[in-house]
Amino acid sequence: MKNIFKEVVGGFYTLTVGMGITLREFFRKPVTVHYPRESLKMPERYRSHLIFTSNDDGSSKCIACNLCVKACPTDCIIVDGEKKEGEKKKSVTKYDLDFTRCSLCGACVEVCPTDAIVFSKRYNLAATDRQQFHIIDLCRDLEERNKKKAQ
Amino acid sequence: MTAAEPIRLLLFLVGVATFVGLNAAYLVWVERKGAGRFQRRAGPTEVGYAGLLQPIADAGKLMSKQLIVPPGADRVLFRLAPIMMMPPAIMAFALLPFSESLVGIDMNVGLIALFAFSSFNVIAVMLAGWSSRNKYGIISAARVVSQNVAYEIPMMLVIITVLMVSGTLSLTAIVDGQSGAFWNWNLFALASNPLMPVTFIIFFICMLSETNRAPFDMAEAESELVAGAYTEYAGMGFGVFFMAEYANIVIGCALAVVLFLGGWHSPVGVFPGVFWFLVKLYFMVFLVIWVRWTFPRTQFYGLLNLSWKILIPISIFTLLLSAVMIKLV
């Protein structure tokens with residue numbers, strides 16, 4: 001008899017505790033992020049495909065030295081460059097990344113003598129077609145970013 | 001009966017039908033928003049400002065769907081079940097006293113009539129489950145009947161306790177008996193029954209169970225029975241069940257307000273009338289939503305144990321206690 005009484009009163013007490021907890025959560029800010037409208041900031045060390053860094057004038061820092069191509073374990077980088085007149089260093093004309101083979105190991109970023117390439121934080125990388133990731137053109141990407149900045 | 005009486009009743013019916021429809025639509029919105037907030041989500045936000053047009057979009061979707069009768073189902077009963085669900089819910093609204101003057105029919109046996117109407121939905125859910133020829137429906141129908149039989153008893157014992165305190169079956173007279181400040185409410189009628197708050201809690205639990213709300217939503221139990229008795233219903237067939245369910249919640253909450261919380265009377269002395277009735281009503285509705293999103297569903301034997309082993313003994317005890325107190329005082 002005493003046990004039943006204890007069980008009923010104790011049980012009811014635990015129910016009120018639970019309701020107190022949910023009411024406290026009710027008045028707190030929602031923690032969900034409404035994805036297409038707002039998105040989380042990617043962490044500092046997030047690795048997505050390579051992009052160029054640029055000088056102040058918007059040109060690439062890449063000197064087409066081919067060190068990244070040699071460092072790449074899966075041979076997914078193709079670089080071409082030319083020596084413009086009146087300049088000491090070579091400048092890049094073509095930098096294609098085969099993202100279907102890239103394992104984001106970071107050997108290229110580490111080896112780069114001029115810090116011309118970094119990992120981007122682009123994570124909205126959905127496509128209906130695998131072909132879209134065979135060639136990611138870093139030169140064109142830099143041009144497009146410069147254009148956007150100019151506007 | 002004067003000549004104006006039928007017109008007044010007709011207008012009241014239109015008003016009640018509107019109230020029930022809007023309530024069902026926007027209680028779904030309140031429920032989803034509340035569920036979101038209790039789980040620290042935002043709830044519906046996309047359709048209209050803060051998702052306010054979501055119920056209208058939902059209604060449009062439900063109405064544009066085909067009404068399918070599954071093969072092997074009992075066609076007549078399958079169609080009849082949602083039709084039987086809605087009218088008792090609307091009829092019960094005619095008896096609720098929203099304020100001194102705003103009441104459809106002030107019957108001297110209003111409380112009994114109200115319970116007769118609100119117990120009707122059990123039959124409708126049972127028919128729906130049985131006629132749809134679906135294993136989930138059958139299980140749900142069996143559950144809903146045993147659940148409602150089990151919870152009708154403590155509910156009635158609690159009602160008798162309140163009746164002995166107020167001494168009348170008329171809903172308006174019960175509310176009139178609680179006029180004045182809030183310590184005159186039946187909830188605080190400690191002089192005639194010191195266990196009145198306990199009685200109120202038992203009434204609330206029974207009300208949750210009678211309206212098939214979580215944690216007692218044995219009839220719907222979506223994680224085990226898909227949607228229970230409503231599994232085979234498509235479009236507005238399902239929509240009608242949904243509307244009637246929310247109408248029943250409002251009726252249950254209104255009954256709690258009338259019987260325990262002083263109906264339309266103001267607790268502090270300002271703004272009497274329909275305003276306070278609705279404030280108390282929606283406070284009760286919020287309580288129902290709050291309970292739903294706090295507790296998980298009980299197991300079925302736990303539900304029956306709660307009724308037969310705990311609620312019925314306690315409510316018999318409070319009944320006897322108030323009988324003795326009233327006799328002595």
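Letters A, B, ... are given to chains in the order of the sequence lines, protein chains preceding strands, and every chain is numbered from 1.
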Pick one of side chain, backbone, both or neither for [X], based on which atoms fall under 4.5 Å of a heavy atom in chain A.
{"X": "B:I201", "result": "side chain"}
{"X": "B:F38", "result": "both"}
{"X": "B:Q39", "result": "neither"}

Gap separating the [atom1] atom of [X] from the [atom2] atom of [Y], nearest 0.5 angstrom:
{"X": "B:R41", "Y": "A:E25", "atom1": "CZ", "atom2": "CD", "result": "13.0 Å"}
{"X": "B:I289", "Y": "A:F26", "atom1": "CD1", "atom2": "CZ", "result": "8.5 Å"}
{"X": "A:K29", "Y": "B:R40", "atom1": "NZ", "atom2": "CZ", "result": "9.5 Å"}

> What closest approach, in Å, do B:V291 and A:M19 show between heavy atoms, and which atom pair accounts for it?
Replying inline: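 Nearest heavy atoms, B:V291 then A:M19: CG2-CE, 3.5 Å.
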
>> Looking at every non-hydrogen atom in both residues, tell me the closest pair between A:P30 and B:A42 and how far apart they are.
In response: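 Nearest heavy atoms, A:P30 then B:A42: CB-N, 4.1 Å.
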
Other residues, nucleotides and ligands only: do more than 12 of their heavy atoms fall within 6.0 Å of [atom1] on [X]?
{"X": "B:F286", "atom1": "CZ", "value": "yes"}
{"X": "A:K121", "atom1": "NZ", "value": "yes"}
{"X": "A:E110", "atom1": "CD", "value": "no"}
{"X": "B:F283", "atom1": "CZ", "value": "no"}
{"X": "A:F12", "atom1": "CZ", "value": "no"}
{"X": "A:D57", "atom1": "CG", "value": "yes"}
{"X": "A:L125", "atom1": "CG", "value": "yes"}
{"X": "A:E144", "atom1": "CD", "value": "yes"}

If I measure from the heavy atoms of chain B, does [X] come under 4.5 Å with its side chain, its backbone, both, or neither?
{"X": "A:V8", "result": "side chain"}
{"X": "A:L15", "result": "both"}
{"X": "A:R37", "result": "side chain"}

> Quick check: does any side chain N or O of A:R28 sit under 3.5 Å from a backbone N or O of B:R37, one acting as donor and the other as acceptor?
Replying inline: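 Flag not set: sc A:R28 to bb B:R37 has no pair under 3.5 Å.
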
>> Quick one, A:T22 with B:W293, criterion side chain to side chain donor-acceptor pair (under 3.5 Å). Give me CA distance, side-chain angles, the key distance, then yes/no.
In response: CA-CA 8 Å; A:T22 45; B:W293 296 103; over 6 Å; no

